[in-house]
Amino acid sequence: MKMINEFFDRHLGYFMVLPAIVLILLFSVLPILASTQYAFFDFQLNDQQKSGLYFKTHYNADVVQETLEYLVYYGEMELSAPLSSGDKSAVEDFIKLVGTSQQTLALELPSKGIAEISDKQLKTYESTDALLKAELAKLYAEHTKLQFNEDITAVASAMDSALIKKNFTGGKQFAAVLTDTRVHHTLGVTLFFTVLSVGFELVLGLALALIMNKAMRGKGLIRTLSLIPWAIPTSVAALIWAYMYDGSSGIVAILLEKAHILGSSTDLLMSSRAALGAVIMADVWKTTPYMALLLLAGLQTISASLYEAAEVDGASKLKQFWHITLPMLKPSILIALLFRTLDAFRVFDLIYVLTGGGPGGSTESISLYAYKTMFAQTKFGYGAAIVIVMAVTVGIISYAYMKILNVKLIQD
């Protein structure tokens with residue numbers, strides 16, 4: 001018993017973090033791995049032959065069996081009508097050929113379900129399929145009195161869907177993403193949106209944090225009120241701004257028109273540049289308080305004695321800000337920039353509700369394009385490749401932040 005207690009005492013920390021690790025694995029790591037896996041396959045839910053992940057060619061025996069039975073059925077339907085001896089003999093020969101094909105496929109290929117097949121089995125199937133279709137075409141070309149040409153030909157075409165070819169693409173989808181002009185456009189829009197929105201939020205958030213850090217009456221109330229925009233759900237905030245941007249009655253659109261910034265209030269969400277600016281304005285209003293909150297936490301870790309010593313040395317407020325506040329605030333600025341950049345780069349709900357990516361795709365972010373690719377077109381493989389490229393881009397930006405700010409996240 002003592003040994004068990006000692007074991008638990010030594011490893012208590014691991015047991016404490018185990019639930020968090022399990023949750024991270026279930027809701028973060030596994031979805032990321034699944035998305036990465038899909039990116040290497042041409043996975044499409046609206047295409048029966050690409051609705052799975054196949055490294056090799058597969059064969060649907062049930063579809064083939066059902067198709068061959070229907071070919072026999074329609075052949076017998078032809079025989080039930082009055083026919084000449086030549087037509088009757090030709091139909092009977094075709095039915096015998098279908099029976100022979102059934103036996104050949106049953107002997108050399110899987111007889112039930114969906115199964116992987118070898119190259120030799122694939123050739124057997126393709127030659128049998130080609131022979132049946134050739135004989136079918138010949139039958140109705142030479143015997144024009146037969147009645148079920150369209151029906152039996154349509155049935156025979158189902159043989160094509162029985163063959164599920166491999167949809168493993170390797171890195172081809174990533175190459176396609178890198179050469180996709182729409183990806184280039186949406187990535188440019190996303191970068192422009194991220195740089196401007198995060199830039200404005202950093203400046204305004206820092207100013208707001210400095211104000212909230214001052215000793216003043218009602219400081220708690222000011223902090224609470226300033227966080228209201230951030231507390232509002234993004235979709236709700238987008239609807240609020242959509243009403244204010246409305247060309248006929250929106251107060252923001254009307255004020256911009258009266259200030260001669262817009263030619264007409266209806267231009268705000270109907271022109272490319274104005275629409276993107278409107279989205280950025282809404283995002284800055286929504287998330288500046290979050291940036292201020294992160295920076296405020298950093299400001300409160302700076303010792304007041306540093307400012308007192310600077311004042312004794314005769315340093316002005318500007319010099320104190322430049323030589324004390326900013327250097328000491330670097331770790332908090334890095335964290336704030338990382339969090340906001342990650343959030344801004346994957347912006348979706350704000351644009352989806354406010355503009356839907358319009359007009360003409362001028363506000364379409366790369367997240368919105370990935371969503372449309374995966375859920376509107378059901379091209380999950382290509383959409384996953386877009387998301388992976390997105391993640392790599394964010395990683396590069398995050399690395400650039402750390403290099404530019406020269407902040408050590410782990411202290412020696």
Any side-chain donor near an acceptor of the partner, [X] and [Y], under 3.5 Å:
{"X": "Ser367", "Y": "Ser365", "value": "no"}
{"X": "Tyr74", "Y": "Asn149", "value": "no"}
{"X": "Tyr140", "Y": "Glu150", "value": "no"}

Non-hydrogen side-chain atoms of [X] and [Y] separated by less than 4.5 Å:
{"X": "Lys372", "Y": "Arg182", "result": "yes"}
{"X": "Tyr125", "Y": "Met159", "result": "yes"}
{"X": "Leu295", "Y": "Leu202", "result": "yes"}
{"X": "Val91", "Y": "Glu76", "result": "no"}
{"X": "Gln300", "Y": "Asn213", "result": "yes"}
{"X": "Thr287", "Y": "Phe200", "result": "no"}
{"X": "Thr373", "Y": "Phe380", "result": "no"}
{"X": "Leu337", "Y": "Ile333", "result": "yes"}

Can you tell me how far apart [atom1] ([X]) and [atom2] ([Y]) are? Round to the nearest 0.5 Å.
{"X": "Leu334", "Y": "Leu294", "atom1": "CG", "atom2": "CG", "answer": "11.5 Å"}
{"X": "Ile117", "Y": "Leu122", "atom1": "CD1", "atom2": "CG", "answer": "5.0 Å"}
{"X": "Lys50", "Y": "Lys166", "atom1": "NZ", "atom2": "NZ", "answer": "13.5 Å"}
{"X": "Gln44", "Y": "Tyr382", "atom1": "CD", "atom2": "OH", "answer": "12.0 Å"}
{"X": "Asp151", "Y": "Leu71", "atom1": "CG", "atom2": "CG", "answer": "11.5 Å"}
{"X": "His184", "Y": "Leu187", "atom1": "NE2", "atom2": "CG", "answer": "8.0 Å"}

Looking at [X], I'd like to know if its [atom1] atom is crowded, meaning that more than 12 non-hydrogen atoms belonging to other residues, nucleotides or ligands lie closer than 6.0 Å.
{"X": "Leu33", "atom1": "CG", "result": "yes"}
{"X": "Tyr70", "atom1": "OH", "result": "no"}
{"X": "Met244", "atom1": "CE", "result": "yes"}
{"X": "Asp313", "atom1": "CG", "result": "yes"}

Looking at every non-hydrogen atom in both residues, tell me the closest pair between [X] and [Y] and how far apart they are.
{"X": "Gly298", "Y": "Ser332", "result": "CA-OG, 3.0 Å"}
{"X": "Ala209", "Y": "Ala292", "result": "CB-O, 3.6 Å"}
{"X": "Pro110", "Y": "Ala115", "result": "CG-CB, 3.7 Å"}
{"X": "His58", "Y": "Glu116", "result": "CD2-N, 3.5 Å"}
{"X": "Gln147", "Y": "Glu78", "result": "N-OE1, 3.1 Å"}
{"X": "Gly357", "Y": "Ile351", "result": "N-CG2, 3.8 Å"}

* Start with the C-alpha gap between Ile24 and Ile21, add the side-chain angles, then the distance that decides, and say whether side-chain contact (heavy atoms from CB on, under 4.5 Å) holds. => CA-CA 5 Å; Ile24 291 170; Ile21 293 173; 5.6 Å; no
For the pair [X] (side chain) and [Y] (backbone), establish whether a donor and an acceptor sit closer than 3.5 Å, ignoring hydrogens and angles.
{"X": "Gln173", "Y": "Phe41", "value": "yes"}
{"X": "Gln121", "Y": "Glu108", "value": "yes"}
{"X": "Thr378", "Y": "Met374", "value": "no"}
{"X": "Thr288", "Y": "Trp285", "value": "no"}
{"X": "Ser303", "Y": "Ser305", "value": "yes"}
{"X": "Ser362", "Y": "Pro359", "value": "yes"}
{"X": "Gln103", "Y": "Thr100", "value": "no"}
{"X": "Lys379", "Y": "Leu45", "value": "no"}
{"X": "Asn167", "Y": "Tyr54", "value": "yes"}
{"X": "Tyr245", "Y": "Leu269", "value": "no"}

* To do: Assess the pair Phe43 and Tyr38: is the distance between their ring centroids shorter than 6.0 Å?
  => yes
Expected list for residues 126-139: side-chain donor-acceptor pairs under 3.5 angstrom, two or more places apart:
residue : atom : partner : partner atom : Å
Ser127  : OG   : Lys123  : O            : 3.0
Ser127  : OG   : Thr124  : O            : 2.9
Thr128  : OG1  : Thr124  : O            : 2.8
Asp129  : OD2  : Lys133  : NZ           : 3.4
Lys133  : NZ   : Asp160  : OD1          : 2.5
Lys133  : NZ   : Asp160  : OD2          : 3.3

* From the options Val347, Leu191, Val387, Ile386, select the one residue that forms a side chain to side chain contact (heavy atoms under 4.5 Å, CB included) with Ile366. => Ile386
* **Evaluation steps, ring-ring contact (aromatic ring centres under 6.0 Å, His included), between Phe55 and Phe168** => CA-CA 5 Å; Phe55 283 100; Phe168 177 72; 5.0 Å; yes
Please list, one pair per line, the donor and acceptor atoms closer than 3.5 Å that link side chains of residues 320-329 to other protein atoms, with sequence neighbours excluded.
residue : atom : partner : partner atom : Å
Gln320  : NE2  : Ala315  : O            : 3.2
Thr325  : OG1  : Tyr307  : OH           : 2.7

* To do: Can you tell me which residue pairs pass the side chain to side chain donor-acceptor pair (under 3.5 Å) test with a partner in residues 227-241, sequence neighbours excluded?
  => none
* To do: Please report the C-alpha distance between Lys286 and Leu350 in whole Å, then the side-chain angles of each, then the deciding distance to 0.1 Å, and finally whether the side-chain contact (heavy atoms from CB on, under 4.5 Å) criterion is met.
  => CA-CA 10 Å; Lys286 172 77 173 64; Leu350 180 68; over 6 Å; no
* **Pairing of Glu311 and Lys319 as salt bridge, 4.0 angstrom limit** => no
* Asked: Can you name the ring pair (Phe, Tyr, Trp, His ring centres under 6.0 Å) partners of Phe339, sequence neighbours left out?
  -> none
* Structure fact -> Contacts of Phe348 meeting ring pair (Phe, Tyr, Trp, His ring centres under 6.0 Å) (sequence neighbours excluded), chain-then-number -> Tyr352, Tyr371
* Taking only residues two or more places apart in sequence or in another chain, which ones pass side chain to side chain donor-acceptor pair (under 3.5 Å) with Asp343? -> Arg340, Arg346
* To do: Show your working on ring-ring contact (aromatic ring centres under 6.0 Å, His included) between Phe174 and Phe40 and close with a plain yes or no.
  => CA-CA 8 Å; Phe174 292 102; Phe40 291 94; 5.3 Å; yes
* Asked: Leu68 and Val72: side-chain contact (heavy atoms from CB on, under 4.5 Å), yes or no, with the steps?
  -> CA-CA 6 Å; Leu68 294 176; Val72 172; 5.8 Å; no
* Asked: Please walk me through it: do Tyr59 and Leu105 pass side-chain contact (heavy atoms from CB on, under 4.5 Å)?
  -> CA-CA 11 Å; Tyr59 167 80; Leu105 296 176; 4.1 Å; yes
